[in-house]
Amino acid sequence: MGLMGTGILKGLGVTLRHFIDTYAEDLKYVLNKSGARQPRPLRRQSPKNKGLVTVEYPRERLPLPENFRYVPFLVYDTEKQDDKCTSCGICAKVCPPQCIWIVRTEDPVTKRPVPQPKEFYIDTTICMNCGYCAEFCPFDAIKMDHDYELSYYPDQEPHARLVHDKSRLTKPDTYHASIHPTDWRRELEDRAAEEAKKKAAAEAKAKADAAKPAGGAAPAAKPAPAPGAARSSAPEPDKPAQADTGKSSSE
Amino acid sequence: MAEETTHPTPAEPAAAPKAAPAAKPASPAATKPAAAKPAGHAAPKGPPLATLTPELVQLQQHFGENVITPAPYVGVLVNDLNKLREVMTYVRDQLGFDMLANVTAVDYIKEGYIQVVYHPQRSKGGQPITIKVRVPRGSDPVAPTEVAVPSLTPIYAGAEFQEREIYDMYGVRFEGHPDLRRILTWEGFYGWPLRKDWHEPYYEGDTKPFDSRWPGGHHQLAEERVPWADNVNYPPGFDPLNFNANPDAGLYDSMLSGVPHAQVEPNGHAQQAPQPKGVGAAVPVYDRNHNNLADEEELQTDQIIVNMGPQHPSTHGVLRMVVKLDGETVTDLKLALGYLHRNHEKIGERNTWLHNIPYTDRLDYICGIANELGYVITVEKMMGIKPTERAEYLRVIMAELTRIQSHFWAIGFLLNDLGAFYTPALYFITERDLILDLFESVSGSRLMCNYMRFGGVSRDFTEEQIAHARELAFDRIPRKIDELEQLLTDNEIIKARTIGVGYLPAERSINYSLTGPCLRAAGVPYDIRRVDPYSIYDRFDFEIPVFYGADVYDRYRVRVAEMRQSLRIVQQALNQLDQTKPGDIQAGKKAYNHRVPAGEAYGRVETPKGELGFYLVSDGGQNPYRYHVRSSSFINLNSLKEMVVGHKVADAVVILGSLDIVLGEVDR
Ligand code: SF4
Ligand code: SF4
């Protein structure tokens, strides 16, 4: 144990080291030595940094990892000019606090449901940011957002601000691609694979058809999209993809 | 432990209306060829009875088959309430189950009884046994039960808070309990919130998902949908204007007079408190060994009652310690809990099995991952599935990093309680944040990770994340733990303040069901990862650190040593991770609508705070019929009084800090 007080001195040494490290770190930042200047938030997240780094929010922000999740948004397919959501209701069922509300669209003539939501609400006062809706949606139609600053001024309509309706929830897929590059890549691959499968099926069918009538170009009908356009059609809305992502689950 | 049962068993506890069609007997069983029911059973009604373990067979032989009968699914039923204490004494002394891990109750509303379930275990290790008793629930929904269960507090001190909780939630009376008051709700609460016929405000339905959300989900705020008044029950003749609850009268009076609180009458909810003597009444003075030091006339001392909390930085959240002080010395202590009570268990019974995973994050919100692990392994046990290899490794890595960051936090705030305000805490929070950065990039959230799934985990580690974890585990954290020890372990002030403070010897700790680092600091090498291994902990080389001082200092040292052992586990797991298949993180198909075979299970894990247990009962449906959380923070608080009495009030703060409680888990 040694002399009385040595333990305290040892501890003070640690405090001193932290003190010096912190100033050295700041000095490096200010002097921008050898171009090693790194934004503070990045240094704060690096296991290599020394000393204490304070990130001055809101002037500086910690970079968000791709998986970061905050209240969800609906993805709008900019290519097809359509909502990706088919109003299948899976997200409303898996939502633990039950804060997703969906009204299906009805065909005005047949009164049959059309795979598109008429109304879509997420009550962000209740949403627990669990991410289940995005994880279990079989159509990649709902994703978790990176925007965590949802407060509003009192003169704004509070209902409109905290209970997000469809117009507020909908964001283009380009935005989704920008914040979730990996996920987006995976989606494109899935889609390309799906299309290749469809094309193969169509070709097989065409071959079979070609065996009977000579010139009837049957496959020109619906499937067979322009080859090469990787990010073209998602699964046909009226023919919900059967296990297209491998994520969908049996009811 | 969970009995393997197939679904079509006519679900015994099928109260949920939704489950009713599923519980139609015979017809589904006929379609399922795999209904492996022993044909010999004369009555196909009712759930299968448990096969008894050797200990339970011995118990049955000793007390006879009239007293002890096999219970449905698991454990035995004690048929004679008057024999319960005798049985439990035998269980403790002859069978060696010296620690009452868990006590809870289940409301079988259809059958008309409430079942109290005991899980005693051996501090030497092994599986707990299950012992059950039944009391009629009575027809009056607001009166406590007519029949009282003998309290086990004389046999297991750890039963005190748990029995109070059962009384509070189910209205089961416990005969001979020293202080049977409500514990999580307040004294004026009307009704028994975990009974199946009690509905919360904004009640919408017994089980989720609610039909109103899809396909006709026009949004409505909860307040508009179900007006507050519709669902709140008031006692008859309740007049809000003349209402004077004075809920703490009983608490203060019992502390001042030294007379235990009046027993609850079987017919009335109202409780008779002893007449108040007034604060400041002269009372005898005792020293630590309970010797009366002097007569009141001689010394003329007053004892006063002080409320510490609920809003107080030293109580780590909203906890109220009511202390009786003689000068600066604490002579008595009682806790007022429940400020953070949201009836987690009721919410859990409304939820589907999957819904509950993110809710468990909110129990002990410092170590969400550890809670999730406890829940998913219990459900996996009931479903009979196993996660993939890779998922097992990822679970262990995340759980052990959780232990490290939680101990950093606990030690930092222990130093706060000692008066070293925030300098050490800040150093450790820096390290903790680096671990949370990893959690965030893997799972999407720093604290509410929602990472575990039944049969797997939600996301794989990428190469960068593995590199980040390796950097932390092999370089940064080991260095920082050394630095932490340099800063604190030999510090003379810390030693003077902590050595010998908060002493609770091993036998008392066991009797109080104390678990976690506090128990291991008392010399009991009890760690669930060793005594009842789960996941893949049996593959790693690590030690269970044990110290023998049973005081605050050794609780600190145990935590430091455990961080080092956790690092060893993380390092081994990271090294073995590349032997598993990347991306293979989910066993079977990913699903959201699990049905868990009817049955029950008690599953437990070692969280940084101690033993976290889940007692789950399934009726074969999509929602748990019973969802009970055995929380170590809550049960560890049971022994706080014995640790604190005799110390100065400033030490009370430190002792509480050394228990490392999180109020989200205490109050649930
Ligand atoms: S799960 Fe996806 S497709 Fe189905 S309703 Fe929700 S967002 Fe729309
Ligand atoms: S993140 Fe979770 S709580 Fe929020 S809307 Fe999605 S499923 Fe519901």
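All heavy atoms count here, side chains included; hydrogens, waters and symmetry mates do not. What you see is a predicted model, and the numbers here were worked out from it, not measured in a lab. Just so we're on the same page: letters track the sequence lines, and every chain starts at 1.
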How close do [X] and [Y] get, heavy atom to heavy atom, and via which atoms?
X       : Y       : answer
W214(B) : S87(A)  : NE1-O, 3.0 Å
N67(A)  : V442(B) : ND2-O, 3.1 Å
S46(A)  : R476(B) : O-NH1, 4.4 Å

With heavy-atom distances below 4.5 Å as the criterion, would you say the side chains of [X] and [Y] are in contact?
X       : Y       : result
D490(B) : K10(A)  : yes
Q98(A)  : H355(B) : yes
N129(A) : M448(B) : no
N450(B) : R69(A)  : yes

[X] versus chain A, heavy atoms under 4.5 Å apart: side chain, backbone, both or neither?
X       : answer
T430(B) : side chain
S443(B) : both
T423(B) : side chain
R350(B) : neither
E440(B) : both

### Task
Taking atom OH of Y23(A) as the centre, report whether more than 12 heavy atoms of other residues, nucleotides or ligands fall under 6.0 Å from it.
no
**Message:** Whether K590(B) engages the ring of F136(A) as a cation-pi pair (distance to the six-membered ring centre under 6.0 angstrom, angle to the ring normal within 45°) should be assessed.
**Reply:**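 Yes, K590(B) lies over the aromatic ring of F136(A).
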To the closest 0.5 Å, what do you measure between [atom1] ([X]) and [atom2] ([Y])?
X       : Y       : atom1 : atom2 : result
S441(B) : F68(A)  : OG    : CZ    : 12.5 Å
H18(A)  : L426(B) : NE2   : CG    : 9.5 Å
R17(A)  : L487(B) : CZ    : CG    : 9.5 Å
C95(A)  : F210(B) : SG    : CZ    : 11.0 Å
E492(B) : L9(A)   : CD    : CG    : 8.0 Å

Test item: R213(B) side-chain N/O and W101(A) main-chain N/O as donor-acceptor pair under 3.5 Å = no
Backbone N or O of G7(A) within a donor-acceptor pair of the N491(B) side chain at under 3.5 Å? no
- Message: I'd like to know which of P96(A), G11(A), P65(A) tops the heavy-atom pair count under 4.5 Å against chain B.
- Response: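 Among P96(A), G11(A), P65(A), the one with the most close pairs to chain B is P96(A).
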Tell me, for [X] versus chain B, whether the close heavy atoms (under 4.5 Å) come from the side chain, the backbone, both or neither.
X       : answer
I100(A) : backbone
T15(A)  : both
P97(A)  : both
C91(A)  : neither
E119(A) : side chain

Please lay out, stage by stage, how I357(B) and Y132(A) fare under the test side chain to side chain contact (heavy atoms under 4.5 Å, CB included). CA-CA 10 Å; I357(B) 301 174; Y132(A) 274 163; 3.5 Å; yes
Top of L434(B), L354(B), N351(B) for chain A proximity - count of heavy-atom pairs under 4.5 angstrom:
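Heavy-atom pair counts peak at L354(B).
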Next on the checklist: Between E135(A) and R453(B) (salt bridge meaning N to carboxylate O under 4.0 Å), is one present in this structure?
Outcome noted: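 Here E135(A) pairs with R453(B) in a salt bridge, since their nearest N and O are under 4.0 Å apart.
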